[in-house]
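Along the sequence shown, residues carry numbers from 1.
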Amino acid sequence: MGKVEERKQEALWHFIEARLEEVLEKAGLPLEALPALEAGYLAALEDFAPGILGVFAKEVAGV
């Protein structure tokens, strides 16, 4: 994986983390619950929308 691709994935993950943190805040859950929420989110993506990460990556890259 090239440096550009790594940076895109890192930007994508920061975007996802920020959204998940908003979910925790709105649900009144502690930030310590973030790893569990992340794991569930990633598992759902893998099971139900394996191509969605590519869509997010394109959105983050502005493509």
Side-chain angles (χ1 to χ4, degrees):
M1 178 183 316
K3 285 283 187 190
V4 172
E5 190 64 30
E6 285 179 29
R7 280 186 257 149
K8 286 180 185 178
Q9 286 187 355
E10 185 176 330
L12 170 62
W13 187 246
H14 287 297
F15 173 79
I16 291 170
E17 278 186 317
R19 301 297 76 79
L20 293 176
E21 286 176 9
E22 287 178 11
V23 168
L24 286 175
E25 183 179 320
K26 288 181 181 182
L29 297 171
L31 218 69
E32 290 79 22
L34 186 59
L37 189 60
E38 288 173 350
Y41 179 80
L42 291 175
L45 282 179
E46 289 176 7
D47 289 346
F48 299 107
I52 198 72
L53 289 177
V55 172
F56 281 137
K58 287 180 182 178
E59 183 176 322
V60 169
V63 175

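A search for side chain to side chain contact (heavy atoms under 4.5 Å, CB included) contacts involving Leu20 returns Ile16, Leu34, Leu37, Glu38, Tyr41, not counting sequence neighbours.
Considering every non-hydrogen atom in both Ala33 and Leu24, the closest pair reads CB-CD2, 3.9 Å.
Residue pairs meeting the salt bridge (charged side-chain N to carboxylate O under 4.0 Å, His left out) criterion with at least one member in residues 13-22, sequence neighbours excluded, are Arg19-Glu22. Sorted by first and then second residue, the salt bridge (charged side-chain N to carboxylate O under 4.0 Å, His left out) pairs involving residues 24-36 (not counting sequence neighbours) form an empty list.
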